[in-house]
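Let me begin by presenting the structure, written as structure tokens, before commenting on it.
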Amino acid sequence: MLPRSFYARDTVKVARELLGKELVCGSKRGIITETEAYKEDDPASHSCRGRTPRNAVMYGPAGHAYVYFCYGMHWMLNVTTEREGTAGAVLIRSLDWVSGPGRVTKELGIDKGLNNHDMTKAPLYIREGIAPKKVETTARIGINRGVERQWRFYTQL
DNA sequence: ACTACGATGAACT
DNA sequence: GTTCATCGTAGTA
């Protein structure tokens, strides 16, 4: 299981290094193949307009789950990063057997009940997996601002 | 209280 | 490439 110190670093670095790690949620698991980084002063991040009740988790300690609802039907799973007091999160977009952030949460049974869950504890956590062969870097998906930041990472196993 | 819209996915054309 | 299902959040008042 990855220690909190893994998450308490630069968000972009954490997003890049989460590729190939294994996400575990109860009896379900999968290798992370796609992530996106969202930092505090990031026009595409929920934290861009300061702290609100929804995004408060991003400002808390690293290594917690930030789960939020979007488009009236999808839950998104993020892992908080950076030091406490600084907003940052990595969106888990795909595993090796399910692609799309909305589908990841649906297949793993993740919803707001796991918001602010400590990712260094069962049932939801991340542990060492495999070394990704090649990592591609692109612009993030589904956003209108901050498009120039190449903070989406994905790999093929 | 009202309203616009979003870190999406599925089903179209 | 386009449409739409569907609702919490945040901004406005």
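In what follows, chains carry the letters A, B, and so on, assigned in the order in which the sequence lines appear, proteins first and then strands, with residues in each chain numbered from 1. Note that the coordinates shown come from a computational prediction; the quantities given were computed from them, not determined experimentally.
The shortest distance between the side-chain N/O atoms of A:His46 and the OP1/OP2 oxygens of C:dT9 is not below 4.0 Å. Residue A:Arg145 has no polar side-chain atom (N or O) positioned under 4.0 Å from OP1 or OP2 of B:dG6. For the pair A:Arg152 and B:dA7, the criterion of a side-chain N or O lying under 4.0 Å from OP1 or OP2 is not met. A close approach under 4.0 Å does occur between a side-chain nitrogen or oxygen of A:Arg54 and OP1 or OP2 of C:dA10.
Residue contacts for A:Met76: at a heavy-atom cut-off of 4.0 Å it reaches the sugar-phosphate backbone alone, with no base atom in range. Contact annotation for A:Phe69: backbone-only contact, meaning every heavy-atom pair under 4.0 Å involves sugar-phosphate atoms and none involves a base. Residue contacts shown for A:Leu91 include a base, since a base heavy atom lies under 4.0 Å away.
Between A:Lys112 atom NZ and C:dC7 atom P the separation is 12 Å, expressed in whole Å. Taking atom CZ on A:Arg49 and atom P on B:dC5, their separation rounds to 11 Å, with Å as the unit. Atom CG in A:Asp111 sits roughly 14 Å away from atom C1' in C:dG8 (whole-Å rounding). Rounded to an integer number of Å, the gap from A:Asn55 CG to C:dT9 C1' is 10 Å. A straight line from CE of A:Met73 to C1' of C:dT9 spans 16 Å, rounded to a whole angstrom. Remark: P of C:dG11 and CZ of A:Arg51 are 15 Å apart, rounded to the nearest angstrom. Atoms CH2 (A:Trp75) and C1' (C:dT9) sit 12 Å apart, rounded to a whole Å. Rounded to an integer number of Å, the gap from OH of A:Tyr71 to C1' of B:dA7 is 7 Å.
Here B:dA7 is the nucleotide among C:dA10, B:dG6, B:dA7 with the atom lying nearest to any side-chain atom of A:Tyr38. Out of C:dA5, B:dA7, B:dG6, the shortest distance to the side chain of A:Met58 is found at B:dA7. Distance from the side chain of A:Ser45 is smallest for B:dA7 among the nucleotides C:dA5, B:dA7, B:dT8. The listed nucleotides are B:dA10, C:dT6, B:dG6; the one nearest the side chain of A:Arg103 is B:dA10. With C:dA10, C:dT6, B:dA7 as the candidates, the nucleotide lying closest to the side chain of A:Thr52 is C:dA10.
Using a 4.5 Å heavy-atom threshold, the side chains of A:Leu77 and A:Leu23 count as touching.
A 3.5 Å limit on both hydrogen-bonding distances identifies no Watson-Crick or G-U partner for C:dT6. Of the nucleotides present, none pairs with B:dA7 by Watson-Crick or G-U wobble criteria with both distances under 3.5 Å.
Under 4.0 Å is where a charged nitrogen must lie from a carboxylate oxygen, and between A:Lys28 and A:Glu107 no such pair does.
Nearest-nucleotide positions on DNA chain B for A:Gly100 and A:Asn144 put A:Asn144 closer to the 5' end. Between A:Lys106 and A:Tyr66, the residue anchored closer to the 5' end of DNA chain B is A:Tyr66, taking for each the nucleotide with the nearest heavy atom.
Taking atom P in both B:dC5 and C:dT3, one finds a spacing of 16 Å when rounded to whole Å.
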**Report entry** Chi angles and distances behind the side-chain contact (heavy atoms from CB on, under 4.5 Å) call for A:Tyr7, A:Ile126
**Finding:** CA-CA 11 Å; A:Tyr7 304 103; A:Ile126 297 171; 3.5 Å; yes
Query raised in the report: Given the rule in the side-chain hydrogen bond (donor to acceptor under 3.5 Å, both in side chains) test, do A:Thr11 and A:Glu82 qualify, once you have shown the distances and angles that lead to the verdict?
Result: CA-CA 6 Å; A:Thr11 305; A:Glu82 308 282 347; 2.7 Å; yes
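Across all their heavy atoms, A:Leu114 and A:Ala65 have their closest contact at O-CB, 3.5 Å.
Atom CG of A:Asp10 is separated from atom NZ of A:Lys39 by 4.0 Å, given to the nearest 0.5 angstrom.
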